[in-house]
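Worksheet: one structure, shown below.
Numbering starts at 1 and runs along the sequence shown. Order of appearance sets the numbers: ligands from 1, and atoms from 1 within every ligand.
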Amino acid sequence: MAERPAALRITGGRKLRGKITVSGSKNSALPCLFASLLTDGQCQWRRVPRLSDVETALAILQRLGKSIDWRAGTLSAGKAARSGTLNPDQARSMRASILALGPLLAIGKKVILPLPGGCDIGSRPIAVHLAGLEKLGVTICISGGFVKAAPPKRLRAAHIVLDAPSVTGTENLIMAATLARGNTVIENCACEPEIVDLSRMLEAMGARIEGAGTATVTIEGVTALGGCRHLIMADRIEAGTYLAAVAAAGGSVELLKADASVLGAFLAKLEEMGVAIEAKPGSIRAKASGRPIATGFETAPYPGFPTDLQAQLMAVNCIARGKAAIVERIFERRFRHADELALLGADIRLRGNQALVTGAAKLQGARTEATDLRASASLVIAALAASGDTVIGGLHHLERGYEQLPRKLRSIGAQIRRVRLPYC
Ligand code: EPZ
């Protein structure tokens with residue numbers, strides 16, 4: 001008989017106090033794991049978060065022929081990829097499987113992978129990836145819902161201008177260009193810190209990359225790459241999520257191994273909301289008392305306000321004093337959490353890519369259902385501030401991107417536990 005669905009039960013109204021250690025970044029670990037396809041040398045990583053998306057990426061790599069070993073906090077990958085054909089079910093379960101494309105083509109493998117469909121937050125096109133790869137000499141054919149990509153004997157350098165500053169598009173093309181013949185220039189790149197972290201790993205493997213983290217990246221192709229050891233950067237979105245939880249529930253929390261330098265836009269908004277922030281190397285302290293001040297914002301590519309923290313700060317605005325106008329400029333359907341937040345009494349008016357939030361003095365706990373990864377985090381934040389019990393179904397969304405979230409929140413005083421729902 002199928003297992004009863006897992007959920008979270010949260011009893012809100014308690015202030016948060018204590019320290020939390022931030023895990024490694026999901027959105028850096030994923031491209032870094034796929035980068036190991038570029039070599040048959042031994043790649044070793046520290047601080048890879050244990051998440052379902054990471055487990056999926058490791059399963060894909062193993063199916064492609066990589067040897068995987070994870071012990072005592074060190075993850076290792078060795079051997080050469082034998083094939084470029086991804087298992088469709090594995091690949092469809094995680095959009096980031098598209099990151100296998102660039103490395104496999106760079107080592108001369110024909111690649112077959114299912115087109116990553118849209119998801120709950122938007123259409124999620126990949127034209128930027130495919131157009132850039134064609135400039136590098138790859139023949140792309142899309143048929144029957146699959147991408148079939150055939151590389152020349154060796155990719156050739158190109159001057160690429162991205163139509164959109166796609167994060168994984170930038171990552172895919174940088175990885176592909178590391179082994180191309182000649183110097184590749186990519187313009188209109190995304191500038192997210194996770195791209196800088198990936199480039200640090202690639203340089204440790206012997207790649208020659210200039211400008212990662214800026215809009216123009218230059219890659220001097222080399223003939224081969226070796227293994228490396230790499231420490232994954234701290235997860236800035238996880239850190240922001242916990243800071244938003246303190247802003248909503250009140251209290252005083254210190255995040256360890258957190259990096260404030262990559263959270264500038266978000267921290268500025270928290271301070272506007274009345275949260276006291278103290279940042280030191282490897283630590284961010286947040287102190288909040290009383291209702292936050294409603295503060296609007298617009299999401300933007302890095303270093304603008306991160307779309308991956310939009311849902312979380314919407315939740316804080318739901319109990320803030322005043323009204324906040326939120327504009328989502330990155331994804332066209334990233335307000336799915338508004339309907340679920342309304343079940344707790346939130347007042348959110350949606351119009352296209354804009355949300356007008358009127359803060360309520362109190363939210364009431366309710367039965368809710370998560371719709372996507374960051375939406376599930378916003379429900380946790382609202383539940384921590386609400387009075388009474390909230391049950392959040394769809395826990396698998398949360399477990400894709402947050403390592404041990406219930407345990408970490410319990411360690412700072414939250415009343416939160418994993419429960420099994422009755423059969424629906
Ligand atoms: C990455 O997704 C992240 N995922 C997402 O995090 C994040 O929300 C997103 O970047 C934006 O910051 C990983 O890094 C694994 P995009 P990605 O291609 O690369 C448009 C999370 O919650 N676009 O940068 O798939 C697209 O429509 C996840 O951890 C095109 O127009 O996002 C969107 O508006 C969710 N054409 C914008 O760019 C293309 O060919 C950003 O998309 C590609 C993208």
List the steps and the verdict of side-chain contact (heavy atoms from CB on, under 4.5 Å) for Ser166 and His129. CA-CA 8 Å; Ser166 163; His129 301 242; 3.7 Å; yes
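- Among residues two or more places apart in sequence or in another chain, the salt bridge (charged side-chain N to carboxylate O under 4.0 Å, His left out) test is passed with Lys408 by Glu238.
- Contact annotation: for Thr307 versus ligand 1, heavy atoms closer than 4.0 Å belong to the side chain alone.
- Counting protein heavy atoms only, atom 18 (O) of ligand 1 is closest to Ser166 OG, 2.7 Å.
- Counting only residues at least two apart or in different chains, side chain to side chain donor-acceptor pair (under 3.5 Å) contacts with residues 27-37 comprise Ser28-Asp197.
- Checking Thr295 against Glu272 by side-chain atom types alone, no donor-acceptor pair falls below 3.5 Å.
- Salt bridge Asp372/Arg374: absent, no basic N to carboxylate O contact under 4.0 Å.
- Set against the non-hydrogen atoms of Asn27, the atoms of ligand 1 under 4.0 Å away are 3 (C), 4 (N), 6 (O), 13 (C), 14 (O), 15 (C), 21 (C), 29 (O).
- Under a 4.0 angstrom heavy-atom cut-off, Pro125 registers as being in contact with ligand 1.
- Remark: Asp235 does not engage Lys26 in a salt bridge, criterion side-chain N to carboxylate O under 4.0 Å.
- For ligand 1, the atoms closer than 4.0 angstrom to any heavy atom of Ile126 are 40 (O).
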Before giving the answer on side-chain hydrogen bond (donor to acceptor under 3.5 Å, both in side chains), spell out for Glu254 and Ser283 the whole-Å C-alpha distance, their side-chain angles and the decisive distance to 0.1 Å. CA-CA 7 Å; Glu254 181 177 11; Ser283 157; 2.6 Å; yes
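- Note on Glu403 versus Arg50: no salt bridge recorded, every NZ/NE/NH1/NH2 to OD/OE distance being 4.0 Å or above.
- Residue contact check: Lys26 has heavy atoms under 4.0 Å from atoms 21 (C), 29 (O) of ligand 1.
- When each atom of ligand 1 is checked for a heavy atom of Arg334 under 4.0 Å away, the hits are 8 (O), 22 (O), 35 (C).
- Taking any N or O of Ile330, backbone or side chain, at least one lies under 3.5 Å from an N or O belonging to ligand 1.
- Ionic pairing of Glu369 and Arg367 is present here: one or more N-O contacts between side-chain nitrogen and carboxylate oxygen are shorter than 4.0 angstrom.
- For His129, no nitrogen or oxygen atom sits less than 3.5 Å from a nitrogen or oxygen atom of ligand 1, counting backbone and side chain alike.
- Distances shorter than 4.0 angstrom occur between a heavy atom of Ala127 and an atom of ligand 1.
- For ligand 1, the polar-atom distance check against Asp308 finds a nitrogen or oxygen pair separated by under 3.5 Å.
- Here the shortest heavy-atom distance to atom 12 (O) of ligand 1, taken over Asp372, Val167, Leu198, belongs to Val167.
- Numbered from 1 in the order shown, with element, the atoms of ligand 1 that lie under 4.0 Å from a heavy atom of Val128 read 36 (N), 39 (C), 40 (O).
- Distance from atom 9 (C) of ligand 1 to its nearest protein heavy atom, with residue and atom name: Phe331 CZ, 3.9 Å.
- Scanning the protein heavy atoms around atom 25 (O) of ligand 1, the nearest turns out to be Arg124 NH2, 3.0 Å.
- Of the protein's non-hydrogen atoms, the one nearest atom 19 (O) of ligand 1 is Thr168 OG1, 2.6 Å.
- When only modelled atom types and interatomic distance are considered, Thr299 and Gln310 share no side-chain donor-acceptor pair under 3.5 Å.
- Below 4.0 Å from some heavy atom of Ala164 lie the following atoms of ligand 1, by number and element: 30 (C), 31 (O).
- Using a 4.0 Å cut-off between charged nitrogen and carboxylate oxygen, Arg334 and Glu328 do not count as a salt-bridge pair.
- Atoms of ligand 1 found under 4.0 Å from any heavy atom of Arg374, numbered from 1 in the order shown, are 21 (C), 22 (O), 29 (O).
- Within the 4.0 Å heavy-atom shell around ligand 1 one does not find Glu171.
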